[in-house]
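The structure appears below as structure tokens.
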Amino acid sequence: MKLKKIKESLNLEVIAGYSEEDKEVEGAYIGDLLSVVMSSANENNIWITIQTHLNIIAVATLVGTSCIIVAEGMEIDEKTIKKANEINMPLFRSNLSSYEIACKLNELGI
């Protein structure tokens with residue numbers, strides 16, 4: 001499924017690094033412990049987290065995630081936003097919980 005459709009369907013707030021490109025999404029991963037995300041998330045996954053510090057951009061790049069969705073409306077560090085823009089890593093925010101986001105993604109077939 002294309003990231004653009006997911007962004008629109010979930011009404012995600014664009015924070016940084018997103019363009020209207022047709023980036024492919026193949027699954028989703030929920031996790032907040034960076035070392036576990038590095039070992040368990042897959043390329044082209046959406047990563048759902050409540051972490052907001054700069055290291056989430058490095059982990060997402062290393063894994064090759066399609067984007068990061070920060071759940072629960074968490075405030076995102078300015079350094080994180082700047083780095084996401086620099087490397088074009090789509091960074092979104094949602095007021096929904098990680099569970100609610102995952103349920104909506106499941107309804108979309110992710």
Side-chain angles (χ1 to χ4, degrees):
M1 179 175 290
K2 301 297 181 181
L3 183 56
K4 181 178 179 179
K5 180 177 180 179
I6 293 167
K7 178 192 86 62
E8 292 169 356
S9 297
L10 273 65
N11 196 30
L12 298 172
E13 178 186 359
V14 176
I15 301 298
Y18 177 72
S19 63
E20 293 291 322
E21 66 185 65
D22 285 336
K23 201 170 216 181
E24 193 65 37
V25 173
E26 297 176 0
Y29 187 82
I30 301 172
D32 299 318
L33 188 57
L34 301 185
S35 59
V36 175
V37 175
M38 284 189 292
S39 66
S40 300
N42 294 313
E43 187 173 2
N44 297 322
N45 277 178
I46 289 173
W47 176 21
I48 306 165
T49 185
I50 60 167
Q51 296 291 344
T52 63
H53 52 77
L54 181 60
N55 291 341
I56 64 172
I57 305 302
V59 170
T61 302
L62 178 69
V63 172
T65 62
S66 295
C67 71
I68 303 168
I69 300 175
V70 175
E72 299 186 24
M74 301 296 285
E75 198 62 37
I76 301 170
D77 294 346
E78 283 301 318
K79 289 180 182 178
T80 305
I81 294 169
K82 182 179 177 189
K83 189 64 174 180
N85 278 323
E86 284 176 12
I87 65 167
N88 297 317
M89 172 57 67
L91 179 62
F92 302 107
R93 179 170 39 208
S94 174
N95 287 325
L96 300 174
S97 70
S98 295
Y99 174 76
E100 291 168 318
I101 295 167
C103 288
K104 288 186 178 290
L105 289 172
N106 185 57
E107 290 171 6
L108 291 173
I110 298 293

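All values below were derived from every heavy atom in this structure, side-chain atoms included, with hydrogens, water molecules and symmetry-related copies excluded. Bear in mind that the values here come from a model prediction, so they are computed numbers and not experimental data.
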Between Ile56 and Trp47, what is the shortest heavy-atom contact and its length?
O-CZ3, 3.2 Å

Interatomic spacing from CD1 in Ile46 to CD1 in Ile6 - rounded to 0.5 Å:
4.0 Å

Atom pair CG (Leu3) and SG (Cys67), whose distance is rounded to the nearest 0.5 Å:
5.0 Å

Indicate yes or no for a side-chain donor-acceptor contact from Asn95 to the backbone of Glu72 under 3.5 Å, with no hydrogens or angles considered.
no

Value for NZ (Lys79) from CG (Leu54), rounded to nearest 0.5 Å, stands at 7.5 Å

Quick one: does Ser66's side chain have a donor or acceptor within less than 3.5 Å of a partner on Asn44's backbone?
yes

Starting from Met74, can I reach Leu91 by hopping between I/L/V/M/F/W/Y residues whose side chains sit under 4.5 Å apart?
yes

Can you tell me how far the OG1 atom of Thr65 sits from the CG atom of Asn42, to the nearest 0.5 Å?
11.0 Å

Within the supplied structure, the quantity of interest is the number of heavy atoms (other residues, nucleotides, ligands) at a distance under 6.0 Å from Lys7 NZ; does it exceed 12?
yes

Residue pairs meeting salt bridge (charged side-chain N to carboxylate O under 4.0 Å, His left out), one or both in residues 23-51, sequence neighbours left out, come to Lys2-Glu24

Val25 with Tyr18, same ILVMFWY side-chain cluster at under 4.5 Å:
yes

Can you give me the closest heavy-atom contact between Ala71 and Ile50, atom names plus distance?
O-CG2, 4.1 Å

Quick check on the hydrophobic clustering: are Tyr29 and Ile69 connected, directly or via other members, by side-chain heavy-atom contacts under 4.5 Å?
no

Looking at Ile110 and Ala28, what are the two nearest heavy atoms and their distance?
CG2-N, 4.0 Å

Mind checking the CG-CE spacing from Leu33 to Met38? Nearest 0.5 Å is all I need.
8.5 Å

How about Leu108 and Leu10: do any of their side-chain heavy atoms sit closer than 4.5 Å?
yes

Short side-chain to backbone donor-acceptor contact, Ser40 and Val37, under 3.5 Å
no

Between Val63 and Ala41, the two heavy atoms sitting closest are CG1-O, 3.7 Å

Reported CD1-to-CE distance for the pair Ile57 and Met89, which is rounded to 0.5 angstrom:
6.5 Å

If you group Ile, Leu, Val, Met, Phe, Trp and Tyr by side-chain heavy-atom gaps below 4.5 Å, do Ile81 and Phe92 land in one group?
no

Would you say Val59 and Ile15 are hydrophobically clustered, going by side-chain heavy atoms of ILVMFWY under 4.5 Å?
yes

Ser98 side chain to Ile48 main-chain N or O, any donor-acceptor pair under 3.5 Å?
no

Under a 4.0 Å threshold between the charged nitrogen and the carboxylate oxygen, would Glu107 count as salt-bridged to Lys104?
no

Note: Ile68 and Ala60 closest approach over all heavy atoms is CD1-CB, 3.6 Å

Between Val70 and Gln51, the two heavy atoms sitting closest are CG2-O, 3.9 Å

